[in-house]
Amino acid sequence: MSSRSVIPFGPQHPVLPEPIHLDLVLEDERVVEAVPSIGFVHRGLESLVSKKDFKEMVYVAERICGICSFGHGFGYCDAVEHIMDIHVTERTDYLRTILFELSRMHSHILWMGLMADAFGFENLFMDTWRIREKVLDMLEAATGGRVIFSILDVGGLRRDVPDDMLKSFLPVLDDIEKELAIDIKTFLNDSAVKSRLCGVGILTPEQVETLGCCGPFLRGSGVKRDSRKLGYAAYDDIDFEIITSNDCDTYGRTFVRAYEILQSIKIIRQAISKVPSGEVMVPVKGFPQGEHMTRLEQPRGEACYYVKANGTRFLERMRVRTPTFANIPALTETLQGCDMADVPILIVAIDPCISCTER
Amino acid sequence: MNNVNFVGQALKNLFSKPATLNYPFEKREFPEGTRGHVENDMDVCILCGLCQMKCPTGAITVDKKAQTWAIRPFSCIQCRCCVDNCPKKSLSMDKMYQEPGPEKTERVLDLSDKQKEVLAAQAKAAAEKAAAAKAAMEAKKKAEAAAAAGGAGNPS
Ligand code: SF4
Ligand code: SF4
């Protein structure tokens, strides 16, 4: 019988800039158990609702996470708007959709870089991040911030994105599409890359359902579920197919994310061609009273925003269920029985956002 | 060879211009509306304190007595809330990002002498107006009291 040893992974690990700690119980080179522990960056942002005005809370929600900043701000604003029965203008809906998809692009491209870094393809990592820079430039031009956009507000957007600026994004998107195609081909066809991804971290469709996974992790195992199909913002006017893969392994998850970037480009093109003119802000009067739960598809998967208000300036409760939190049980499942060398890849495969999870 | 594609890309990257800027010799052009850091025009500010009230992180302190406006740049999250709420448009968002530093200092700005005079003159005018209003009020009250007394002492 071989002896067991425990190897700590994180909270500081070169593959991941975020603090998650795993105790890996090894038998030779094989992981037999992985015990996650989180709680290194808990900031208590949810309880801030009792101290910050419900409008100021938008800034806090946006800063729950750097990469899905737009998703968090959107979830919060959408929930409060539902409670207050505010109907944002159609232009707002479209602009929010465009910005949401741009931020999905930047998040997925970031992930592809991290993945390339995890399996040791530095050149690919740098090339994807070079492309991501173009997305960030567009976001900065549109919102004034590269990662924290501060453009959302209860009732609409704090500034308009002019039509000619939207038009100027189109050639950039064409460029990105062309350049990404090369990288995506490398991700999906290169034999060296495939040998690191195929058959690693297999989860059957039944398993991902019972483990409660979400986002590309779920779709990578062939389950067709995407909260964008609920039709919030302008998604009900936009024609798109849910991308899934039947590979059920890390390769499948990479496939889903890669094609979702290209799909986001198509969604943005559609939205830009349809965006109506008009105001981007509707007046907000009074204080919210009631409760609401919003579900939305963030780049990493489905997030739920629960907001309860009591008719004063301060909300009573805010609760965020982040996608990474839902995917952690599946992560420990995939880690069981894997090779030690595959651990970084499996962890990166869920696109972990620990700051989101701990809030 | 199924990675011929990327070899081409890698070679191209090797011989093309760097994707990064040659800082500090080349400076980045920021797009219009980038939120860098907050600046205040002390010729225009009236020290009303609205920005202090609205700032979500409490980074701004307005001291009316000392006539200063202060910001703690390391607490500021560049949200632009103060700029949008300033009634005099004295606040603005500079495009350059906040300078880093070894200490979390506070930047205190004094009201310009010109603006101090303007505010003093305004305060004086307001005080005079208030005094005049008060005097008028008292005169009116007196007249009313006299009329009431006259009415009571004049049986018809
Ligand atoms: S809101 Fe504007 S005018 Fe008022 S104190 Fe602040 S900077 Fe000065
Ligand atoms: S930009 Fe935001 S955080 Fe910074 S001083 Fe203004 S209101 Fe405060």
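Side chains included, hydrogens not; waters and symmetry mates left out as well; all remaining heavy atoms used. Every chain is numbered from 1 and lettered A, B, ... according to where its sequence line falls, protein lines coming before strand lines. Only a predicted model underlies this, so the values are computations on that prediction, with no experimental measurement involved.
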Residues, nucleotides or ligands: over 12 heavy atoms within 6.0 Å of A:Tyr59 OH |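 Yes, the 6.0 Å shell around OH holds more than 12 heavy atoms from other groups.
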At what distance, to the nearest 0.5 angstrom, does CD of B:Glu32 lie from CE of A:Met165?
->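 If I round to the nearest 0.5 Å, the distance is 8.5 Å.
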Are B:Gln78 and A:Ser150 linked by a side-chain donor-acceptor pair shorter than 3.5 Å?
->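 No pair is found: no donor N or O on one side chain lies under 3.5 Å from an acceptor on the other.
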Part of residues 123-138 of chain A lying next to chain B, heavy-atom separation under 4.5 Å |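 Within residues 123-138 of chain A, the residues that come under 4.5 Å of chain B (heavy atoms only) are A:Asn123, A:Leu124, A:Asp127, A:Arg130, A:Asp137.
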Contacts of [range] with chain A (heavy atom under 4.5 Å):
range	value
residues 44-62 of chain B	B:Met53, B:Lys54, B:Cys55, B:Pro56
residues 80-106 of chain B	B:Arg80, B:Cys81, B:Asp84
residues 19-27 of chain B	B:Ala19

Which atoms of A:Phe121 come close to chain B, meaning under 4.5 Å heavy atom to heavy atom: side chain ones, backbone ones, both, or neither?
-> side chain
Is there a donor-acceptor pair closer than 3.5 Å between any side-chain N or O of B:Arg35 and the backbone N or O of A:Phe149?
-> yes
B:Cys79/A:Arg63 under side chain to side chain contact (heavy atoms under 4.5 Å, CB included): CA gap, chis, key distance, verdict = CA-CA 11 Å; B:Cys79 65; A:Arg63 283 161 180 81; 4.2 Å; yes
Quick one: which of A:Met57, A:Arg159, A:Lys55 has the most heavy-atom pairs under 4.5 Å with chain B, could you say?
->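 Most heavy-atom pairs within the cutoff with chain B belong to A:Arg159.
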